[in-house]
Structures are given as structure tokens and as C-alpha cells.
Amino acid sequence: MNLPPLVQSFVLHFGEMGSRWGINRTVGQIYALLFVSPAPICAEEIAESLGISRSNVSMSLRELQAWNLVILKHRPDDRRDFFTTPDDVWYILRTLAEERKKREVDPTLSVLREILMQRPASEAERHAQQRMSEMHTLIEQLTHWYEDVKQLETERLETLLSLGAKVTKLLEAKDRVVSLGRSRRPNPANKS
């Protein structure tokens with residue numbers, strides 16, 4: 001690699017992590033390089049910087065474009081394509097979440113719905129369907145939560161994330177207020 005040591009460490013790590021996230025190492029390395037580059041770079045520069053073939057760069061860039069994670073740029077008097085990433089890390093996070101939902105969660109929900117509509121032929125299938133129903137319910141709840149959260153403005157989302165476990169305390173306080181309100185209501189059964 002033809003990169004400064006700090007950048008090389010980040011790029012190598014991102015490549016290793018990419019394979020754990022289900023993308024190929026080169027795709028991860030290219031994304032990391034684009035992310036930290038101060039200006040858009042072309043495929044030839046990527047190939048030279050990472051020491052990989054031009055064809056490997058092209059295939060990886062197509063994959064990143066399919067994920068909506070890179071931006072294509074052009075320069076005056078230059079016919080080459082230049083690539084960069086969005087500047088806003090929250091936009092990147094939202095894009096990743098949406099793409100993973102489309103590719104992984106939505107198909108799983110479709111299969112679960114289809115299976116749950118079938119009539120079980122045995123006790124084993126009834127049991128399996130019950131378990132799948134629980135999974136379907138959980139994934140549906142997470143999907144609805146995700147749909148709500150993705151509508152939040154970035155500032156609100158940052159606040160929500162910074163709350164962490166404090167959300168539990170907020171919910172406990174809400175429960176106390178609700179139970180206090182219930183205990184103050186007159187009980188019609190106790191009227192004389």
C-alpha cells in the first residue's frame with residue numbers, strides 16, 4: 001500500500017472488519033480510503049494507493065454504488081470518474097441501515113409471513129410456527145421502531161443515543177406517574 005501509516009492502519013482495519021460485516025475486504029478498504037481522502041479520487045489512484053488491480057477497484061466501486069455509499073464526481077476537463085463518500089456520518093449510518101434492512105430484514109419478514117400463512121401438518125410444525133411467529137413479531141416491532149427512529153432529525157437522534165441506559169430511568173418514572181394517577185382515581189366499586 002502506498003499510504004501514510006495512520007491511513008494505512010485505518011484502511012487495513014476496515015478491510016478486516018468488512019469481511020466480518022459480509023462485504024469483501026477490498027470493498028471495505030476502498031470505502032475506508034474514500035472516507036478519509038480529503039478530495040474525491042479516481043479508480044487509478046485507488047488501485048495505486050491500495051496496490052490492487054484496476055478491475056478489482058471497478059467491481060468494488062460498483063458494489064459501493066449499489067449500496068448508495070459513494071458519490072460519483074466529475075472534474076472539468078477530466079473524463080475520469082472520481083469517487084468520495086458523503087460528508088455526514090449520520091447519512092452514512094442511515095444509508096447502511098436502510099440498505100441492510102432492504103437486503104436482510106425485509107426478505108426474512110416476507111419468508112416468515114409466507115410460512116405463517118401455511119397450515120401446520122403436525123405438532124412439530126405447529127411448534128415451529130409458534131416460534132417463527134414470535135420471531136416475526138419481534139422483527140416487526142424492530143422494523144416499526146426503526147421506521148420511527150429514521151425519521152428523527154440528526155440532533156434528536158444524537159440525543160436519543162446519548163441517553164443510553166437513562167431511557168430505563170425515564171420509563172420507570174413514567175410508570176410511577178401512571179400508577180400514581182391510577183391510585184388517585186376514585187374506584188366506582190367502593191362507592192357506598
Side-chain angles (χ1 to χ4, degrees), residues 1 3-43 45-47 49-50 52 56-75 80-110 112 135-174:
M1 285 189 180
L3 298 169
L6 185 136
V7 173
Q8 183 171 327
S9 293
F10 179 69
V11 167
L12 288 173
H13 175 73
F14 228 77
E16 291 302 317
M17 292 308 297
S19 62
R20 294 180 185 161
W21 297 328
I23 60 171
N24 113 10
R25 179 189 332 231
T26 304
V27 172
Q29 290 178 345
I30 290 173
Y31 194 77
L33 177 64
L34 293 172
F35 183 79
V36 297
S37 293
I41 55 179
C42 66
E45 293 170 309
I46 295 169
S49 295
L50 298 178
I52 56 178
N56 199 350
V57 170
S58 293
M59 288 185 333
S60 298
L61 285 170
R62 276 196 295 278
E63 185 171 341
L64 289 168
Q65 286 176 305
W67 278 82
N68 296 312
L69 289 172
V70 293
I71 300 169
L72 178 65
K73 299 274 186 167
H74 290 100
R75 293 183 182 165
R80 297 178 297 176
D81 292 335
F82 290 81
F83 299 90
T84 189
T85 63
D87 291 331
D88 182 358
V89 292
W90 287 98
Y91 176 83
I92 295 168
L93 177 66
R94 283 182 167 105
T95 301
L96 272 171
E98 187 63 29
E99 290 297 323
R100 291 206 79 124
K101 179 185 170 297
K102 281 194 287 192
R103 294 163 192 253
E104 298 166 21
V105 175
D106 292 348
T108 301
L109 279 174
S110 294
L112 285 170
M135 181 183 290
H136 177 266
T137 300
L138 174 63
I139 295 172
E140 281 276 319
Q141 287 176 324
L142 287 170
T143 301
H144 292 304
W145 175 81
Y146 165 75
E147 293 296 330
D148 289 342
V149 168
K150 83 176 188 181
Q151 302 301 322
L152 293 176
E153 299 165 3
T154 298
E155 187 177 293
R156 291 259 187 212
L157 190 54
E158 288 173 336
T159 301
L160 177 64
L161 288 178
S162 70
L163 287 174
K166 296 173 195 159
V167 169
T168 303
K169 291 178 184 174
L170 179 65
L171 293 173
E172 289 168 354
K174 180 210 61 110

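Bear in mind the structure is a predicted one, so any value in this text is a computation, not a measurement.
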Subject >> Side-chain touch Pro40/Phe83, heavy atoms, less than 4.5 angstrom >> reply: no
Original post:
Within 45° of the ring axis of Trp67 and under 6.0 Å from its six-membered ring centre, is that where the NZ or CZ of Arg103 lies?
Top reply: yes
Original post:
Only one of Glu158, Glu155, Glu153 forms a side chain to side chain donor-acceptor pair (under 3.5 Å) with Trp90, so which one is it?
Top reply: Glu158
**OP:** Output the distance between atom CG (Leu93) and atom NZ (Lys150), rounded to the nearest 0.5 Å.
**Re:** 12.5 Å
**OP:** Can you establish whether the number of heavy atoms outside Met17 located under 6.0 Å from its atom CE is more than 12?
**Re:** yes
Original post:
Would Glu98 and Arg94 count as a side chain to side chain contact (heavy atoms under 4.5 Å, CB included) if you check the C-alpha gap in whole Å, the side-chain angles of each, and the deciding distance to 0.1 Å?
Top reply: CA-CA 6 Å; Glu98 187 63 29; Arg94 283 182 167 105; over 6 Å; no
**OP:** Find out whether Phe35 and Ile92 are in side-chain contact, i.e. whether some heavy atom of one side chain is under 4.5 Å from a heavy atom of the other.
**Re:** yes
**OP:** May I ask you to check whether over 12 heavy atoms, not counting those of Asp87, lie within 6.0 Å of atom CG?
**Re:** no
**OP:** Verify, without hydrogens or angle tests, whether Glu16 (side chain) and His13 (backbone) share a donor-acceptor contact under 3.5 angstrom.
**Re:** no
Subject >> Heavy atoms from other residues, nucleotides or ligands near OH of Tyr91 exceed 12 (cutoff 6.0 Å) >> reply: no
Original post:
Rounded to the nearest 0.5 Å, what separation is found between the CG atom of Leu69 and the OG1 atom of Thr95?
Top reply: 6.0 Å
Original post:
Going by heavy atoms in the side chains, are Ile30 and Val70 under 4.5 Å from each other?
Top reply: no
**OP:** Find the distance between CD (Gln29) and CD (Gln8) and round it off to the nearest 0.5 Å.
**Re:** 9.5 Å
Subject >> Residues Glu99 and Lys102 bridged, charged N to O under 4.0 Å >> reply: yes
Subject >> Spacing of Ser110 atom OG and His136 atom NE2 [to the nearest 0.5 Å] >> reply: 8.5 Å
Subject >> Matching residue for Leu61 among Leu34, Asn56, Leu72 - test: side chain to side chain contact (heavy atoms under 4.5 Å, CB included) >> reply: Leu34
**OP:** Specify whether Trp21 and Phe14 have parallel, tilted or perpendicular ring planes, treating 30° as the upper limit for parallel and 60° as the lower limit for perpendicular.
**Re:** perpendicular
Subject >> Ser49 to Leu33 - nearest heavy-atom pair and separation >> reply: CB-CD2, 4.0 Å
Original post:
Is the number of heavy atoms from other residues, nucleotides or ligands under 6.0 Å of Leu161 CG greater than 12?
Top reply: yes
Subject >> Shortest non-hydrogen separation from Pro107 to Lys101 and the atoms involved >> reply: CD-O, 4.2 Å
Original post:
How about Glu147: does its CD atom have over 12 heavy atoms from other parts shown lying under 6.0 Å from it?
Top reply: yes
Original post:
Would you call Leu50 and Val57 a side-chain contact if the rule is heavy atoms closer than 4.5 Å?
Top reply: no
Original post:
Just wondering, are more than 12 heavy atoms of other shown residues or ligands nearer than 6.0 Å to CZ in Arg156?
Top reply: no
Original post:
Is it true that atom NZ of Lys73 has more than 12 heavy atoms of other residues, nucleotides or ligands lying nearer than 6.0 Å?
Top reply: no
Original post:
Are side-chain heavy atoms of Lys174 and Leu170 found at a separation under 4.5 Å?
Top reply: no
Subject >> Distance-minimising heavy-atom pair for Ile23 and Val27 >> reply: CD1-CG1, 4.0 Å
**OP:** Grab the two heavy atoms, one from Arg80 and one from His74, that are nearest each other, plus how far apart they are.
**Re:** O-CD2, 3.8 Å
Original post:
What pair of heavy atoms forms the shortest contact from Leu109 to Thr143, and how long is it?
Top reply: CD1-OG1, 3.8 Å
**OP:** Looking only at non-hydrogen atoms, find the nearest pair between Tyr31 and Pro86 and report the distance.
**Re:** OH-CD, 4.2 Å
Original post:
Looking at side-chain heavy atoms only, is the closest gap between Ser37 and Thr84 below 4.5 Å?
Top reply: no
